[in-house]
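A quick write-up on the structure given underneath.
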Amino acid sequence: MPFFDMSAFHDLASPGIKNKVKCNHLIKKGMLDSNSKVWICKKSDNFFEATREILAQEFFRVIIPHQPETRIAYDDKKQYYILSEEVNGYRALPTKQADNFENGTFTGLGQAMVCSLFLQEIDFKNGNVGLNAKQQVIKIDGDWCFSGLTDDFSDEKYNITLQSIEQLPYPVDYYAFNWLDLIQEDVKKTNSAIVNKTLSQKPLFRAEVNQALLKICLLPDYFIELFVQAYMPTEEQRFITLIKNRRDELKQSALKNASFNEYLRSPQALLDADNLLLQMQSFEAGGQLVISLKQQSALREKSLGLRNNLLPSFKQLIDDCNQFIKQLEFDISVNDTLLKRLIQETKDKMQTASEKELVEIKRNLAQTCQYTLSDEVVAIKKTIQTFREDSGFFSIGMKTKANKIEKALYNTPLEARQHLISSAKVNEVQKTLASHRHFFRRSPVKSSGDIDITQAANTFKQLKRQFSQQVDKEHKPLKWTFSFFKQGFYDDSSSIGMAKKGWKWW
Amino acid sequence: MMIQAALEWLKKDGSGGSELVGCDNIENIIASLKNLAKKYTKINNELVDTIWKIDLELNSDKLKQDLEALRKQRVLLNQKVLDGDYSRKINELIALIQQLEIQAYGVSKVAGNSPYRL
């Protein structure tokens with residue numbers, strides 16, 4: 001992350017910042033060179049604390065895009081400062097307007113609370129959380145986030161349990177020194193003038209909680225690592241590990257929550273997941289992309305992979321596709337390069353596919369199964385296997401014939417494999433099946449490319465008979481078949497040609 | 001004066017302090033006051049935790065226990081919190097600890113803007 005020189009910061013001649021919240025640090029307002037935003041500047045005690053606070057505040061911005069941007073600056077005396085983008089119309093949360101959190105007038109408290117819980121924020125007091133001019137909840141001053149990593153508060157519990165999710169806005173199973181007006185300086189209060197006791201059950205609040213839970217669940221390791229590294233030049237590993245572990249803990253608990261599970265099935269969840277990906281891709285730390293252009297596709301792949309495993313609609317489709325892939329991979333030959341390539345390409349596509357694309361992939365896989373696992377293909381494979389097994393010192397050319405049939409089979413496009421034997425059009429597999437192992441036998445393949453059934457190998461005749469009967473039974477109307485039966489032998493249609501020998505069709 | 005007030009607190013609570021009468025070891029007095037504040041905080045928070053649980057239960061769609069029994073229990077617990085007057089006591093103790101620390105060490109983290117440990 002680029003650190004800004006405080007010489008680029010210019011004080012704004014303002015009457016000063018009025019905030020009802022007590023503050024230890026010197027605060028001033030100003031602008032940076034080549035930046036149109038107004039910044040609130042706060043002195044920080046040391047570099048580590050400054051980066052820790054920035055990391056927390058910027059995390060809020062990943063999950064809640066309208067959160068103010070924060071940056072670090074320093075002066076020539078190596079004093080560090082935290083610059084926070086000014087929030088238009090910022091004010092503390094009003095008291096005696098609790099209904100406004102339930103009717104949609106004030107939005108975003110659910111997201112702010114989930115993020116605070118996630119980041120081990122213990123100083124979630126009114127004033128550190130407030131409203132902007134659009135009545136959106138904004139969280140500022142993250143200097144008591146990651147409290148589990150501080151000396152004074154490392155022994156407290158910061159669990160993210162099912163109860164702590166269900167009972168928000170009340171902090172349950174979770175230590176906080178200040179939490180709205182429900183905990184003030186470690187002392188819990190029976191009533192709040194800010195939120196109603198019924199808020200935890202209200203649909204709008206639950207929707208906000210669910211959205212933040214989903215977004216945190218969907219943060220890929222890849223993003224977490226690059227994000228933390230962008231802000232923490234030192235000790236980044238502790239924070240990476242903490243964030244990953246808490247994400248996993250949150251996910252486990254969230255998935256036990258009925259409201260969250262219901263939300264996961266909604267179109268809104270898909271929209272929120274897509275918005276998170278866009279936010280991660282475009283997220284800037286101090287004006288620079290956290291995920292470089294080269295890293296974007298990797299992030300997309302990992303992010304969509306997580307999404308597909310979490311959202312039930314995707315999960316079902318992915319499971320269905322995987323079932324088809326399992327069927328295709330069972331007994332797949334190492335020489336079947338066409339099928340192997342298709343499976344690999346499909347797996348790659350599935351990583352980033354949209355719901356619509358997954359439906360299409362599933363359809364294609366079902367068709368491929370139909371083509372490549374048809375009775376005819378199974379019979380051809382069995383024939384190959386029989387030739388190989390029966391091959392011995394006194395059997396001539398069995399192995400060679402098996403190899404030729406196999407080569408012809410695996411060179412056949414997947415979509416053409418289903419009716420390789422019953423097909424009226426002569427193909428390479430039919431030719432190799434019909435050909436004789438002994439060089440002195442007359443070739444059944446005519447110069448025109450057609451097969452002379454009378455000269456064909458028995459294997460071919462048997463297969464042809466078996467599948468012509470099936471095809472006939474399945475597809476051909478009786479009248480049509482009968483007329484051809486009467487016409488007798490057709491050399492370009494081996495199945496019908498067999499009629500000459502008096503084989504019955506049904 | 002402040003030490004006297006502190007000793008009064010400790011005597012009143014019955015949790016010790018009589019042995020500190022006449023003692024000018026301000027560190028010991030501060031430590032005892034902190035213990036007392038922590039004790040009140042613990043009692044208060046345990047009561048409030050239970051009240052929160054009842055409130056959430058009362059407002060839940062899936063009410064498991066008898067509604068009337070829960071309401072009665074809440075009233076009882078609320079009365080205990082009021083009778084204990086813990087919030088006021090803790091505030092006064094914290095203010096006293098802060099003054100004593102400033103007197104003894106020149107600074108105090110207690111009751112500042114940031115979270116602190118007693």
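This is a predicted model, so every value here is computed, not measured. Per chain, numbering begins at 1; letters A, B, ... match sequence-line order.
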Of all heavy-atom pairs between B:Leu56 and A:Tyr170, which one has the smallest distance, and what is that distance? CD2-CD1, 4.3 Å

Run the salt bridge (charged side-chain N to carboxylate O under 4.0 Å, His left out) test on B:Arg117 and A:Asp155 for me, step by step, so that the C-alpha distance in whole Å, both residues' side-chain angles and the decisive distance to 0.1 Å come before the verdict. CA-CA 12 Å; B:Arg117 276 284 190 217; A:Asp155 57 340; 3.2 Å; yes

Spacing of A:Lys197 atom NZ and B:Ile54 atom CD1 [to the nearest 0.5 Å]: 11.0 Å

By a 4.5 Å heavy-atom criterion (distance strictly below it), what part of B:Tyr116 contacts chain A: side chain, backbone, both, or neither? both

Check whether B:Asn78 gets within reach of chain A through its side chain, its backbone, both or neither, counting any heavy atom under 4.5 Å. side chain

Inter-residue atom distance B:Ile90.CD1 - A:Gln184.CD, 0.5 Å rounding: 11.5 Å

Value rounded to 0.5 Å, distance of OG1 in A:Thr190 from CG in B:Leu82: 7.0 Å

Looking at NZ of A:Lys188 and CD of B:Glu46, how far apart are the two atoms once the value is rounded to the nearest 0.5 Å? 9.5 Å

Does A:Gln252 have more than 12 heavy atoms from other residues, nucleotides or ligands lying within 6.0 Å of its CD? no

Counting only heavy atoms closer than 4.5 Å, note whether A:Gln167 contacts chain B via side chain, backbone, both or neither. both

Greatest number of non-hydrogen atom pairs under 4.5 angstrom with chain B, of A:Leu182, A:Asn191, A:Thr150, falls to A:Leu182

Mark yes when over 12 heavy atoms from residues, nucleotides or ligands other than A:Glu262 sit less than 6.0 Å from its CD; otherwise mark no. no

When you look at NZ of B:Lys109, are more than 12 heavy atoms from neighbouring residues, nucleotides or ligands closer to it than 6.0 Å? no

Spatial distance of atom OG (A:Ser200) from atom CH2 (B:Trp52) [nearest 0.5 Å]: 12.0 Å

Restricting to non-hydrogen atoms, name the atom on A:Trp144 and the atom on B:Pro115 that form the minimum distance, rounded to 0.1 Å. NE1-CD, 3.0 Å

Would you say the side-chain atoms of A:Lys189 and B:Asn45 include a donor-acceptor pair closer than 3.5 Å? no

Measuring from atom CG of A:Asp186 to atom CG of B:Leu118, what distance do you get when rounded to the nearest 0.5 angstrom? 7.0 Å

